[in-house]
Amino acid sequence: LKKKSMENLEQLTDIETVLFLMSHIDNPCSVQVKGIKVDIKNFYIRIAKEVLPRIENPGARYLLQSKINEHQVTKSSQ
């Protein structure tokens with residue numbers, strides 16, 4: 001099993017890439033910024049939007065687009 005990370009996204013299959021991004025969108029890591037704990041969900045959403053045009057597998061593309069749309073609906077309803 002390949003180690004999945006941002007460094008090797010280009011080496012993953014479409015579905016591996018999508019599942020990696022979806023899992024990080026749903027369960028984002030957090031970082032300390034000036035002493036404040038911040039999750040980086042928006043970072044993964046931005047990467048997902050950048051990667052989406054390169055996804056050739058229609059099922060994988062649909063899953064990723066759905067996750068992006070879900071985030072946009074959640075964000076706009078807040």
Side-chain angles (χ1 to χ4, degrees):
L1 193 64
K2 295 182 234 175
K3 181 180 179 217
K4 296 166 185 68
S5 69
M6 292 300 293
E7 291 84 36
N8 66 4
L9 272 184
E10 298 295 324
Q11 299 170 356
L12 302 177
T13 66
D14 285 350
I15 196 66
E16 287 174 323
T17 299
V18 167
L19 292 175
F20 172 83
L21 289 169
M22 288 176 63
S23 71
H24 285 281
I25 291 168
D26 287 337
N27 302 297
C29 299
S30 60
V31 294
Q32 291 278 65
V33 178
K34 296 182 181 180
I36 299 169
K37 190 174 181 178
V38 178
D39 79 49
I40 56 174
K41 179 184 282 194
N42 289 332
F43 167 77
Y44 287 109
I45 293 290
R46 183 174 49 81
I47 296 300
K49 288 178 179 179
E50 290 175 10
V51 167
L52 189 61
R54 297 192 302 265
I55 301 294
E56 296 177 4
N57 177 310
R61 180 189 295 266
Y62 175 81
L63 286 173
L64 189 56
Q65 184 64 63
S66 295
K67 184 54 65 181
I68 292 168
N69 292 346
E70 176 185 317
H71 171 73
Q72 291 172 338
V73 168
T74 302
K75 191 172 184 177
S76 66
S77 64
Q78 291 179 346

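It should be emphasised that the depicted structure is a prediction, and the values quoted were computed from it without experimental measurement.
- Counting non-hydrogen atoms of neighbouring residues, nucleotides and ligands closer than 6.0 angstrom, the CD atom of E56 reaches no more than 12 such neighbours.
- Closest of all the heavy-atom pairs between V18 and A60 is CG2-O, 3.5 Å.
- Annotation for D14 and I55: closest pair OD2-C, 3.7 Å, computed over non-hydrogen atoms.
- Between the CD1 atom of I15 and the CZ atom of F20 there is a distance of 14.5 Å, given to the nearest 0.5 Å.
- The OG atom of S30 lies 8.0 Å from the CD1 atom of I40; values are rounded to the nearest 0.5 Å.
- Two residues are said to be in side-chain contact when any heavy atoms from C-beta on lie closer than 4.5 Å; L21 and K67 fail this criterion.
- Rounding to the nearest 0.5 Å gives a distance of 9.0 Å between OH of Y62 and CG of N69.
- Between the CD1 atom of I68 and the CG atom of L63 there is a distance of 11.0 Å, given to the nearest 0.5 Å.
- A parallel orientation is assigned to the rings of H24 and Y44, their planes being inclined by less than 30° (bins at 30° and 60°).
- Rounded to the nearest 0.5 Å, atoms CZ (R61) and CZ (R54) are 11.0 Å apart.
- Between N57 and T13, the closest side-chain pair of non-hydrogen atoms is not below 4.5 Å.
- The distance from atom CG of L52 to atom OG1 of T17, rounded to the nearest 0.5 Å, is 11.5 Å.
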